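Down below is the structure, laid out as structure tokens.
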Amino acid sequence: MKKIEAIIKPFKLDEVKDALHEIGLMGITVIEAKGFGRQKGQTELYRGAEYIIDFLPKVKLEIVCPDDMTERAIEAIMTAARTGRIGDGKIFVTPVSDVIRIRTGERGADAV
């Protein structure tokens with residue numbers, strides 16, 4: 001199993017969720033986040049004064065899926081989240097050694 005963590009722009013969340021649902025992934029955790037990368041924030045004008053916004057709003061998705069679905073999930077996220085502009089986000093993939101469903105005690109892929 002693999003854990004996929006994706007940091008994307010907030011307005012792309014519904015498209016990514018629909019794309020993951022289409023390939024058969026049902027479970028997803030969504031966390032509101034703030035951060036910056038190469039774009040280093042942005043400058044905004046408010047009442048004639050410039051303000052630098054260092055941390056931009058982002059959404060972090062966490063998905064645990066079987067090894068055979070990992071590449072399809074990554075492709076779905078990349079396709080749905082891409083705008084072609086700086087700040088589209090990142091995807092991190094890490095191995096998962098075990099998963100336990102608290103309610104039933106199921107382990108491994110059955111618990112996902």
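Everything numeric in this text was worked out from a predicted model, so none of it was measured.
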Non-hydrogen atoms of P57 and P10 that approach each other most closely: O-CD, 3.4 Å
Transitive ILVMFWY cluster of M26 at side-chain heavy atoms under 4.5 Å: who else is in it? none
Can you list the other members of the hydrophobic cluster that holds I31, where links are side-chain heavy atoms under 4.5 angstrom apart? none
Any side-chain hydrogen bond (donor to acceptor under 3.5 Å, both in side chains) involving residues 68-84? Give me the pairs, sequence neighbours left out, ordered by first then second residue. T83-D88
Applying side-chain contact (heavy atoms from CB on, under 4.5 Å), can you list everything that pairs with K17, at least two apart in sequence or on another chain? D14
Check salt bridge (Lys or Arg N to Asp or Glu O under 4.0 Å) between K2 and all other residues, then give those that pass, not counting sequence neighbours. D67
Distance-only criterion, 3.5 Å: show the donor-acceptor pairs between side-chain atoms of residues 102-112 and protein atoms not counting sequence neighbours.
unit_1: T104; atom_1: OG1; unit_2: E106; atom_2: N; d: 3.3
unit_1: T104; atom_1: OG1; unit_2: E106; atom_2: OE1; d: 2.9
unit_1: E106; atom_1: OE1; unit_2: R101; atom_2: NE; d: 2.8
unit_1: R107; atom_1: NE; unit_2: D98; atom_2: OD2; d: 3.0
unit_1: R107; atom_1: NH2; unit_2: D98; atom_2: OD2; d: 2.6

Using a side-chain heavy atom cutoff under 4.5 Å and only I, L, V, M, F, W and Y, what cluster partners does V93 have? I4, I8, L13, V16, L20, I23, L25, I28, V30, V59, L61, I63, M69, I74, I77, M78, I91
Drop me the distance from S97's OG to M1's CE, to the nearest 0.5 angstrom. 7.5 Å
Which pairs, with at least one residue in residues 20-37 and sequence neighbours excluded, count as a side-chain hydrogen bond (donor to acceptor under 3.5 Å, both in side chains)? none
Set of residues satisfying side chain to side chain donor-acceptor pair (under 3.5 Å) with respect to K9, sequence neighbours excluded: none
Can you sort out the partners of E5 under salt bridge (Lys or Arg N to Asp or Glu O under 4.0 Å), two or more places apart, ordered by chain and number? K60
